[in-house]
**Q** 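Pasting a structure below so you can have a look.
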Amino acid sequence: MNRPSNSITQYTTECDHLFEKIKVAPVSNSTTNIPDDIKPRIVVDTVHDGNFIPPELMRTSRITRLQEDKSLWEHYVIERDWGANLVAEKLVSFLGLEHYYRVNLARVVMDFNRFPGSSTSGANSLERLAINPPFSDMLSHEEKYRVLRTYYDEISKQMESVIANSLIKISIHTYDEHNVSRTQRPEVSLISRSLSYQRFSKLPFGKFDPLFPDILAESTTTRILRDRIALHLEKAGVLVEHNYPYCLPDGSLEIRALVWFFFQHLRDVFAEHHPETKEDSSYGLVWHMLLNTNLREAQAEALYGYLHRFRTPPENDGEFFAEARDAYEHIREFLDQNYYLVENFRTSPERPSAISVEVRKDLIWEIEDLTPVRMIEERATLIAEKIAEAVSTYLREDLKDSAHSL
């Protein structure tokens, strides 16, 4: 695998923003017509097409050796979602939005689309954690801590503020042309189902709170939106599949956002029925725990351990955690008594939708010896335009005809 001289494909050790708002000019001949009040609630992002490798990591002798023998470049090429930024830019342009959001940190360093942690060698690609080989094998405990504390947490904080009030979140990814079996993958795959739900009809214990209804993990988006996108692409001659060749890893942003959106909704409805709990710190701690979907908040994790693993609470917090336990039971009983909230959330087109769009890399980049050498814009333009038309149709026609609202 040769390293090309094209600067567009190179990794860099310079970066002003880990999570960046990329401004885009709208196309003049777009056929979409999205209401101005809805535009701020549409988020398009890419999390795997960044090229920044922190200089402090590159200065370590272990990573320097990887750079010298070119294996770092090989890992970088394999991990990067080549062309995702191009598709996102064109999609936003056709939608008439002003920007999309890009994670600039290279995936070879840390994968924001997974749960935080360090993977062991040989971990399945869908079940691995944020730090992966070769960095998981090369970095010390302190270096891994800094990567998660400095990069994962900062990106999480900014992403959370961006998607907080979103109605539609579309994450653009790209994947290889062939499966391991050498069968060709579809040109586009729309990914919206949890891998664990697909396998076991439930999410794994210990990741999200058991109050989260497993049935919601069957889809992170309304089916109408998903099928609108598929229909528009297929009519344009783009071959589409759903949740193939894989489903969403449980640590993906789409699954984490789904859990976050549901507990936000439950919190709002609960507060309407029990306004006296709004300023109660014990209830606040419970909501903090339920919304801790990136598993990074120590107090939230401590409360989870106390409630579900029967661990001893932190010193001097025993009484507070007992009050939080009572608050948790109150919220659980409320959900049990009002379980229609789950079905409403599940089926309403007005629920927040998060969908992952996978596009084949070879449609967007000319690839030689697994290395991208030249960008191809035509197919990326077509795919982006048809997705934009589908989103516009969904917003103009399908939401208006929804059976019920949240």
Side-chain angles (χ1 to χ4, degrees), residues 9-20 22 45-67 71-82 84-85 88 101-163 171-175 195 207 248-257 292-298 301 356:
T9 65
Q10 301 298 300
Y11 55 73
T12 179
T13 56
E14 298 179 359
C15 179
D16 293 328
H17 304 284
L18 289 172
F19 184 68
E20 189 172 7
I22 306 298
D45 64 71
T46 61
V47 298
H48 289 159
D49 201 3
N51 66 343
F52 170 60
I53 299 180
E56 67 269 19
L57 299 182
M58 295 291 283
R59 287 192 291 266
T60 66
S61 59
R62 290 152 293 174
I63 304 303
T64 298
R65 288 196 297 271
L66 292 178
Q67 188 177 21
S71 60
L72 178 60
W73 168 254
E74 293 177 2
H75 285 286
Y76 167 75
V77 168
I78 291 170
E79 291 290 341
R80 186 170 175 180
D81 277 8
W82 297 95
N85 291 335
Y101 295 90
R102 182 178 72 196
V103 172
N104 287 323
L105 188 69
R107 187 185 188 185
V108 70
V109 176
M110 188 201 77
D111 188 345
F112 181 65
N113 216 40
R114 299 293 189 274
F115 286 123
S118 179
S119 298
T120 57
S121 296
N124 181 287
S125 63
L126 295 177
E127 297 173 342
R128 65 189 192 180
L129 301 174
I131 304 176
N132 302 291
F135 282 80
S136 60
D137 299 327
M138 298 292 183
L139 300 183
S140 67
H141 180 278
E142 180 60 29
E143 288 165 337
K144 292 175 183 179
Y145 173 83
R146 287 204 303 270
V147 166
L148 294 175
R149 186 73 183 90
T150 303
Y151 303 118
Y152 196 98
D153 291 353
E154 182 59 28
I155 295 169
S156 289
K157 182 173 67 175
Q158 296 186 55
M159 180 69 81
E160 183 176 306
S161 67
V162 165
I163 70 173
S171 189
I172 303 297
H173 300 262
T174 60
Y175 58 13
L195 177 65
K207 299 304 183 183
L248 291 168
D250 298 314
S252 69
L253 187 55
E254 288 75 20
I255 299 295
R256 300 196 319 253
N292 177 42
T293 60
N294 64 7
L295 312 182
R296 292 291 292 162
E297 295 294 336
E301 289 292 286
S356 176

**Q** Got a donor-acceptor contact below 3.5 angstrom from the Asn51 side chain to the Gln10 backbone?
**A** yes

**Q** Under 3.5 Å, side chain of Trp82 to main-chain N/O of Val77, donor-acceptor pair present?
**A** yes

**Q** Going by heavy atoms in the side chains, are Ile53 and Cys15 under 4.5 Å from each other?
**A**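 A side-chain contact under 4.5 Å is absent here.
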
**Q** Apply side chain to side chain donor-acceptor pair (under 3.5 Å) to Ser171 and list each qualifying residue two or more places apart in sequence or on a separate chain.
**A**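 Scan of Ser171 (side chain to side chain donor-acceptor pair (under 3.5 Å), adjacent residues dropped) gives Asp45, His173.
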
**Q** Taking only residues two or more places apart in sequence or in another chain, which ones pass salt bridge (Lys or Arg N to Asp or Glu O under 4.0 Å) with Asp250?
**A** none

**Q** Quick test of your reading: applying salt bridge (Lys or Arg N to Asp or Glu O under 4.0 Å), list the pairs with at least one residue in residues 51-67, sequence neighbours left out, ordered by first then second residue.
**A**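 Residue pairs passing salt bridge (Lys or Arg N to Asp or Glu O under 4.0 Å), neighbours aside: Arg62-Glu143.
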
**Q** Hey, is Asp49 close enough to Arg102 for a salt bridge, meaning N to O under 4.0 Å?
**A** no

**Q** I'd like to check Asn104 versus Leu18 (side-chain heavy atoms, cut-off strictly below 4.5 Å). Are they in contact?
**A** no

**Q** Just to verify, what does Ser136 make a side chain to side chain donor-acceptor pair (under 3.5 Å) with, not counting sequence neighbours?
**A**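 Residues passing side chain to side chain donor-acceptor pair (under 3.5 Å) with Ser136: none at all.
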
**Q** Indicate the atoms forming the closest heavy-atom contact of Pro249 with Ile255, along with that distance.
**A**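 Taking Pro249 first and Ile255 second, the nearest heavy atoms are O-CG1, 3.7 Å.
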
**Q** Please list, chain by chain and in numerical order, all residues satisfying ring pair (Phe, Tyr, Trp, His ring centres under 6.0 Å) with Tyr175, sequence neighbours excluded.
**A** none

**Q** List the atom of Leu72, the atom of Ile63, and the distance in Å for their closest heavy-atom pair.
**A**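 Leu72 and Ile63 have their closest heavy atoms at CD2-CG2, 4.2 Å.
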
**Q** Go through the structure and list residues passing side chain to side chain donor-acceptor pair (under 3.5 Å) with Thr150, not counting sequence neighbours.
**A** none

**Q** Where is the tightest heavy-atom contact between Thr293 and Phe115, given as atom of each residue plus distance?
**A**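 Heavy-atom minimum between the residues: O-CE2, 4.0 Å.
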
**Q** What pairs with Lys157 under salt bridge (Lys or Arg N to Asp or Glu O under 4.0 Å), at least two apart in sequence or on another chain?
**A** Glu154

**Q** Please name all residues satisfying salt bridge (Lys or Arg N to Asp or Glu O under 4.0 Å) with Asp137, sequence neighbours left out, ordered by chain then number.
**A**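 Not a single residue meets the salt bridge (Lys or Arg N to Asp or Glu O under 4.0 Å) criterion with Asp137.
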
**Q** Taking the side chain as everything from C-beta on, heavy atoms only, tell me whether Leu129 gets closer than 4.5 Å to Pro116.
**A**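 No - every pair of side-chain heavy atoms lies 4.5 Å or more apart.
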
**Q** Taking salt bridge (Lys or Arg N to Asp or Glu O under 4.0 Å) as the test, write out the residues that go with Glu14, two or more places apart.
**A** none

**Q** So, does Thr46 use its side chain to make a donor-acceptor pair with the main chain of Ile172 at under 3.5 Å?
**A** no

**Q** Please give me the minimum heavy-atom distance between Leu139 and Lys144, naming the atom from each residue.
**A** O-CE, 3.3 Å

**Q** With distance as the sole test, does Asn113 use its side chain to make a donor-acceptor pair with the main-chain N or O of Ser252 at under 3.5 Å?
**A** no

**Q** Please list all pairs passing the ring pair (Phe, Tyr, Trp, His ring centres under 6.0 Å) test where one or both residues lie in residues 139-161, with sequence neighbours left out.
**A**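 Found Phe112-Tyr152.
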
**Q** Applying side chain to side chain donor-acceptor pair (under 3.5 Å), name anything that partners Glu127, two or more places apart in sequence or on another chain.
**A**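 Glu127: side chain to side chain donor-acceptor pair (under 3.5 Å) contacts with Arg199.
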
**Q** For Glu301 and Asn292, work out which heavy atoms get closest and say how close.
**A**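 Looks like OE2-ND2, 3.0 Å.
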
**Q** For Met58, is there any backbone N or O sitting under 3.5 Å from a side-chain donor or acceptor partner on Thr64?
**A** yes

**Q** Would you call Arg114 and Leu126 a side-chain contact if the rule is heavy atoms closer than 4.5 Å?
**A**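 In contact.
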
**Q** Begin from the C-alpha positions of Met159 and Tyr101 and carry the test side-chain contact (heavy atoms from CB on, under 4.5 Å) through to its verdict.
**A** CA-CA 9 Å; Met159 180 69 81; Tyr101 295 90; 5.6 Å; no

**Q** List the residues meeting side chain to side chain contact (heavy atoms under 4.5 Å, CB included) with Asn132, not counting sequence neighbours, and say none if there are none.
**A** Asp111, Ser119, Arg128

